[in-house]
Amino acid sequence: MEVKGKICVVFLFAAVFLVSVAVSVGLRERDPEIRGCKLKCEEIRGGEQDDMRRCKERCEQYDKEKREREGGQGRGTGRRGGRGGDDPYDVIFVEEEQDVRKMVEQCHQSCQGSQGEQQRPQCFKSCMQKRFQDQGKSQRGRPERTRRTDKQQQQSNNPYLFEDHHFTARLETEHGNVKVLQKFTDRSDLFQGIEKYRVAFLEADPQTFIIPNHWDANALIFVANGRGTITLIEGDSRQSHNIKRGDLFHVPTGITAYLINRDNNERLVLAKILHSVSVPGELQFFSVGGGSAESSFYNAFSTEVLEAAFDVDRDSIGRLIGQQKQGQEQGIFKKATEEQIESLTGEDKGQKWPFGERKEKGTHSIYKNEPSVANENGILHEVDFRDIPDLRNINVAFSFFNITQGSMAGPFYNTKATQVLMVPSGEGRFEMACPHLSEQATRGGQINPRYEKVSSELRRGTVVVVPAGHPVVIEAAGEQNLEVIGFGLNSDENEWFPLAGRDNVMSQWEDEAIELTFGSPAREVQKVIQKQNQKLFFKGPARSGRAFA
């Protein structure tokens, strides 16, 4: 009964708070569902005024019907106004309701493990308010010149693009956070080949310690910003590594690790690709503590079992599972003193692994080897299992693009790897040729492929998935270079091929193949194929003085 009571209180608080948040962020609508419905209306058919007006009228009608149903008979059966669920705007209502439910669940989960009993309501309130504000910014904060265009509608229907609202804050405190991207297969069935992989970011404030933990997943981690020290524990062995921007390292599944940001000013930012080992795409985080009993997996065991396991009394067990002194910080991110940082980050403190292949375990700087491609328009660094043998076990390769402002990379494609592109810095644009989103014209039982341009703007935190075989271009814009992290999933025996410039695939074709393909004399086509003498990175297109066309 006590547990049920707590659950009821939590959901009652959530329900009351949804209304209070709507008021606090200055929304005119009565609840977040109607607000989201109207925001989504602004994207319909590229922002045509008549379509938007009709859509918003349907939102108002839906809101009225919903309130009438709730006033007369509660929530109803879930059928939208008795229309049977086949109205073209029903998807708007369903998506927004699901978004709100996810917000409540995610904030409740986040605060459950990071706050004490007294602080949890405030944590939940702050979390929900931030998510509503972020959702509003993602819809309202885009420049007017890009809001009501066919391109924006295309982006909203683009399953290859993931933005801020597709991340879940799994662990979040005032000193740092861990955000995990939704499962690829939750977005589209096109990603079944990479369902075992997940994307995550970790950010930690200066002089912050991340308490010991482990995941049920292999992790390949890239230091996108800052510097720190990571310590790995396996059995009776401990190894510590000072890490810095540009370092890449592997943490095997189940290995206990703890981490500290040893910089006094910069945030530590880690980009991760996680390979699940239990349920495909499902991740679980395991922590020994963090300040409250609920945040320790030891709390799942009975006190009697723990007393027997550790051979100590009940009071000692209380200290182990997190009955923390009043006034101490709670959560997995904790501020460290100068003395603690010095002790945790001392040079040459690591111990070598005594287990065969693990003797050479460590970090690998992407700048250690010569770039794969480099010219005035960009630099490409690549790392695979030949540099870090453990990458073969998780079938992942790594690449890092630094594209000069006003330049671009591609077009190119990968033969076997699906590439997950993550943007840690800069702004830009990507374009991809996709056969999956366009209609296929069938004649006489044969399929004539048609390719649709998939494109979107790129900014810090954007994630893009480029399936194997799909030609892609990445363009830098804005006021600085564009940095792009590339995790190549299912990368065993993968190769990438340029489709323009030096060494492009057509440069190896025979003249007869060129003439039969393009219907023009080979020498004329060769002039086009061979004109560009750069490889991979080229000067970007002129866009009439605008960052994006």
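What you are looking at is a predicted structure, and each value in this text was computed from that prediction instead of being measured.
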(request) Could you grab the distance from atom NE2 of His166 to atom OG1 of Thr462, nearest 0.5 Å is fine? (result) 11.0 Å

(request) For this output row, return yes or no: ring centroids of Phe209 and Phe333 closer than 6.0 angstrom. (result) no

(message) Under the salt bridge (charged side-chain N to carboxylate O under 4.0 Å, His left out) definition, can you give me all pairs with a residue in residues 393-409, not counting sequence neighbours?
(response) none

(message) Restricting to non-hydrogen atoms, name the atom on Gln534 and the atom on Phe537 that form the minimum distance, rounded to 0.1 Å.
(response) CB-O, 3.6 Å

(message) Would the distance check show the side chain of Arg187 and the main-chain N or O of Leu161 forming a donor-acceptor pair, the cut-off being under 3.5 Å?
(response) yes

(request) Keeping the roles fixed (side chain from Asn218, backbone from Thr253), state whether a donor-acceptor pair exists under 3.5 Å. (result) yes

(request) For residues Phe167 and Asn177, determine if any side-chain heavy atom of one lies less than 4.5 Å from a side-chain heavy atom of the other. (result) no

(request) Measure from the side-chain N and O atoms of Asn261 to the backbone N and O of Ala204, and report whether any donor-acceptor pair falls under 3.5 Å. (result) yes

(request) Provide the closest heavy-atom pair for Thr517 versus Ala513 in the form atom of the first, atom of the second, distance. (result) OG1-O, 2.7 Å

(request) Check Leu259, Thr208, Asn225 against Leu268 for a side-chain contact (heavy atoms from CB on, under 4.5 Å) and give me the one that passes. (result) Leu259

(request) Flag the pair Phe249 / Val223 as yes when at least one side-chain heavy-atom distance between them is below 4.5 Å, and no otherwise. (result) yes

(request) Provide the full list of side-chain hydrogen bond (donor to acceptor under 3.5 Å, both in side chains) pairs with a residue in residues 394-409, sequence neighbours left out, each pair given once. (result) Asn377-Ser407, Ser399-Gln419, Asn402-Asn481

(request) Give the ring-plane orientation class for His381 versus Phe400, where under 30° counts as parallel, over 60° as perpendicular and anything between as tilted. (result) tilted

(message) Within this structure, what is the CZ-CG distance for the pair Phe497 and Asn414, rounded to the nearest 0.5 Å?
(response) 10.0 Å

(request) Taking Asn490 for its side chain and Gly193 for its backbone only, find out whether a donor-acceptor pair lies under 3.5 Å. (result) yes

(message) Rounded to the nearest 0.5 Å, what separates atom CG in Asn375 from atom NZ in Lys539?
(response) 13.5 Å

(message) Any side-chain to backbone donor/acceptor pair from Asp263 onto Glu266? Under 3.5 Å, distance only.
(response) yes

(request) Begin with the C-alpha distance, continue with both residues' side-chain angles, and end with the deciding distance and a verdict on side-chain contact (heavy atoms from CB on, under 4.5 Å) for Tyr160 and Phe191. (result) CA-CA 9 Å; Tyr160 302 100; Phe191 302 135; 3.8 Å; yes

(message) For Ser425 versus Gln480, what's the shortest heavy-atom pair and its separation?
(response) OG-NE2, 3.0 Å

(request) Determine whether Trp215 and Val251 make a side-chain contact, defined as any pair of heavy atoms from C-beta on separated by less than 4.5 Å. (result) no

(request) Kindly determine whether Arg227 and Asn242 satisfy side-chain contact (heavy atoms from CB on, under 4.5 Å), including the steps that lead there. (result) CA-CA 7 Å; Arg227 61 197 185 104; Asn242 287 340; over 6 Å; no

(request) Any pair with a residue in residues 498-512 that passes side-chain hydrogen bond (donor to acceptor under 3.5 Å, both in side chains), sequence neighbours left out, goes on the list, sorted by first then second residue, please. (result) none

(message) Suppose the criterion is salt bridge (charged side-chain N to carboxylate O under 4.0 Å, His left out): which pairs have a residue in residues 364-377, not counting sequence neighbours?
(response) none

(request) Can you spot which of Ile194, Leu190, Val466, Asn494 makes a side-chain contact (heavy atoms from CB on, under 4.5 Å) with Thr418? (result) Ile194

(request) Run the numbers on Arg459 and Glu163 for side-chain contact (heavy atoms from CB on, under 4.5 Å), then give the verdict. (result) CA-CA 9 Å; Arg459 59 180 62 85; Glu163 297 184 291; 3.2 Å; yes

(message) Testing the basics here: between Val473 and Gly410, what is the closest heavy-atom pair and its distance to 0.1 Å?
(response) CG2-C, 3.9 Å

(message) Less than 4.5 Å apart, side chain to side chain, heavy atoms only: is that true for Val420 and Phe184?
(response) yes

(request) Any chance you could measure Leu344, atom CG, to Tyr258, atom OH, to the nearest 0.5 Å? (result) 6.5 Å

(message) If you compare all heavy atoms of Leu482 against all heavy atoms of Gly426, which two are closest, and at what distance to 0.1 Å?
(response) CD1-C, 3.8 Å

(message) Under a 3.5 Å threshold, yes or no: a donor from one side chain and an acceptor from the other, between Asn369 and Asp387?
(response) yes

(request) Can you measure from CE (Met408) to CD1 (Ile474) and round to the nearest 0.5 angstrom? (result) 11.0 Å

(message) Could you tell me if the side chain of Ile233 sits less than 4.5 Å from the side chain of Thr231, heavy atoms only?
(response) yes

(request) Search all heavy atoms of His470 against all heavy atoms of Pro435 and return the closest pair with its distance. (result) NE2-CD, 3.6 Å

(request) Please confirm whether Phe222 and Phe487 have ring centers closer than 6.0 angstrom. (result) no

(request) Would you sort out whether Phe398 and Ile485 count as a side-chain contact (heavy atoms from CB on, under 4.5 Å), showing the intermediate values? (result) CA-CA 8 Å; Phe398 178 86; Ile485 299 165; 3.4 Å; yes

(message) A side-chain contact here means heavy atoms from C-beta on lying under 4.5 Å apart; do Ile255 and His214 qualify?
(response) no

(request) Would you give the length of the straight line joining atom OH of Tyr413 to atom CE of Met432, rounded to the nearest 0.5 angstrom? (result) 15.5 Å

(request) Just jot down the salt bridge (Lys or Arg N to Asp or Glu O under 4.0 Å) partners of Lys244, sequence neighbours excluded, or say none. (result) Asp247

(message) So Val396 and Leu489, do their side chains get closer than 4.5 Å, heavy atoms only?
(response) yes

Distance-only criterion, 3.5 Å: show the donor-acceptor pairs between side-chain atoms of residues 196-203 and protein atoms not counting sequence neighbours.
residue, atom, partner, partner atom, Å
Tyr197, OH, Ile394, O, 2.7
Arg198, NE, Leu181, O, 2.8
Arg198, NH1, Gly281, O, 2.5
Arg198, NH2, Leu181, O, 2.8
Glu203, OE1, Arg267, NH1, 2.5
Glu203, OE2, Arg460, NH2, 3.0

